[in-house]
Student: 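Structure incoming, see below.
Just so you know, these numbers use all the heavy atoms, side chains as well, and skip hydrogens, waters and symmetry mates. Being a predicted model, the structure only gives us computed values, none of them experimental. Remember, it's 1-based here, ligands and their atoms both numbered in the order they're listed.
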Amino acid sequence: MTDELLDALRSSKKYAAMDEELLLRVLEEERSRHSKTKDILKAAKNHLHQIHGAYAGDEGKALRRLVAEGPLCGREQAFLERHASTRERLPIAEEFFRTAFAGCPGVRSVLDLGCGLNPFFLPLMPASIERYTALDMDGEAAALLNRYFAERGLPQEASLADLVQRTPQIQADLAFLLKLLPVLEQQKRGRSLELLSELRSRVACVSFPLRSLSGKRKGMEESYTVFFEGLLGGSGWRVQEKRSFPGELLYVLSRG
Ligand SMILES: C[S@@+](CC[C@H](N)C(=O)[O-])C[C@H]1O[C@@H](n2cnc3c(N)ncnc32)[C@H](O)[C@@H]1O
């Protein structure tokens, strides 16, 4: 039954390249709430919109057109503008990445969880990065990023993952979890603490949005501060630096 639902979902281009484990999990969850196939599929699509589509938008075609125009290096901004999270980061990017990397001198390897299109900020990252592992539920983004990594002479380490079900056991100097934890909590309450506790990087940069997608601030800084600083105690991490940028709250964490 779930296999048929999976095929139905994957017959649409929008979901065809998404992580299979994640699609199966979402379908199982919705199957426990609804009995009719059409209701399960509708609820699953809604769920996928909330955790992915709302940020990535309907950009598949626009991205493919951009890719067809030639090499990706040198045209990073055009890609960064095609995802809500990176578009919002553009005006603060230089200072944002300077702050993130200041907490971890000598970075050679980066792990970017729920990366979206954030790796296109590589030219602004002040470090000699030799390995950039980028994980997301979105396979189209992974293919695009691998092409970009190849152009930059980096190993092609973008791939699919369901970060609710698995914590990647990849060692890295620095891990990015940018605007990711609220989306994971939406899928599984308590997942942020699990993920942070199981991470194997030296430093972790965790950020939260300070505006909703509709542009409202709605006391987000206070509520994310209470949520995050409350859970840090049991995580094995401590705050090394905290910066509030227009639109984004950044924590740089170190072990301890
Ligand atoms: C708010 S966006 C942030 C993107 C990026 N980190 C940034 O800040 O530019 C959340 C990202 O998490 C990804 N995502 C959501 N749930 C996920 C899951 N269970 N496993 C892997 N990726 C997930 C989405 O596809 C999306 O790219």
Side-chain angles (χ1 to χ4, degrees), residues 14-29 44-60 63 76-77 79-93 96-97 99-100 110-122 124-125 132-145 148 158-168 170 174-192 194-196 198-199 204-214 220 224 245 247-251:
K14 208 165 168 181
Y15 311 106
M18 283 188 184
D19 183 71
E20 183 167 316
E21 263 195 324
L22 183 143
L23 292 179
L24 286 170
R25 171 173 62 78
V26 168
L27 285 169
E28 275 303 327
E29 283 165 12
K45 287 177 185 175
N46 260 336
H47 187 121
L48 293 168
H49 178 76
Q50 283 168 28
I51 66 171
H52 172 77
Y55 309 98
D58 234 349
E59 294 286 358
L63 282 174
E76 285 84 354
Q77 180 155 346
F79 290 92
L80 291 165
E81 280 167 356
R82 304 241 80 94
H83 189 286
S85 303
T86 43
R87 187 164 55 241
E88 289 163 2
R89 191 169 300 123
L90 273 166
I92 56 162
F96 183 92
F97 288 108
T99 309
V110 170
L111 173 64
D112 193 341
L113 300 180
C115 61
L117 298 178
N118 187 60
F120 280 107
F121 277 119
L122 257 164
L124 290 188
M125 297 184 192
Y132 196 115
T133 309
L135 302 177
D136 202 285
M137 57 185 276
D138 177 2
E140 276 204 73
L144 175 61
L145 291 171
Y148 180 58
S159 57
L160 286 167
D162 180 3
L163 297 167
V164 166
Q165 299 191 70
R166 270 181 232 285
T167 304
I170 296 167
L174 183 148
F176 282 129
L177 294 83
L178 302 184
K179 298 185 184 172
L180 175 70
L181 299 187
V183 188
L184 293 185
E185 285 294 314
Q186 218 178 320
Q187 297 166 71
K188 183 183 174 195
R189 237 169 128 185
R191 181 59 188 147
S192 302
E194 271 174 20
L195 182 63
L196 275 173
E198 293 165 3
L199 267 188
C205 295
V206 178
S207 80
F208 294 91
L210 293 182
R211 273 182 230 117
S212 67
L213 285 169
S214 60
M220 291 166 83
Y224 283 134
F245 291 93
E248 192 160 1
L249 175 64
L250 171 67
Y251 286 91

Student: Do R89's NZ or CZ and the ring of F121 fall within the cation-pi criteria of under 6.0 Å and 45°?
Tutor: no
Student: When you check the gap from the basic side-chain N to the acidic O, do R25 and E29 get nearer than 4.0 Å?
Tutor: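 The answer is yes: the pair qualifies as a salt bridge.
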Student: For F79, give me all partners under ring pair (Phe, Tyr, Trp, His ring centres under 6.0 Å), at least two apart in sequence or on another chain.
Tutor: F120
Student: Between K179 and E88, does any NZ, NE, NH1 or NH2 come within less than 4.0 Å of an OD or OE carboxylate oxygen?
Tutor: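 Judged by the 4.0 Å cut-off on N to carboxylate O distance, E88 and K179 do form a salt bridge.
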Student: For D19, check salt bridge (charged side-chain N to carboxylate O under 4.0 Å, His left out) against everything at least two apart and list the hits.
Tutor: none
Student: What residues come within 4.0 Å of ligand 1, counting heavy atoms only?
Tutor: L22, R25, I51, H52, Y55, H83, S85, T86, R89, G114, C115, G116, N118, D136, M137, A161, D162, L163, V164, L178, K179, L180, V183, L184, Q187
Student: Who pairs with F208 by ring pair (Phe, Tyr, Trp, His ring centres under 6.0 Å), at least two apart in sequence or on another chain?
Tutor: Y224, F228
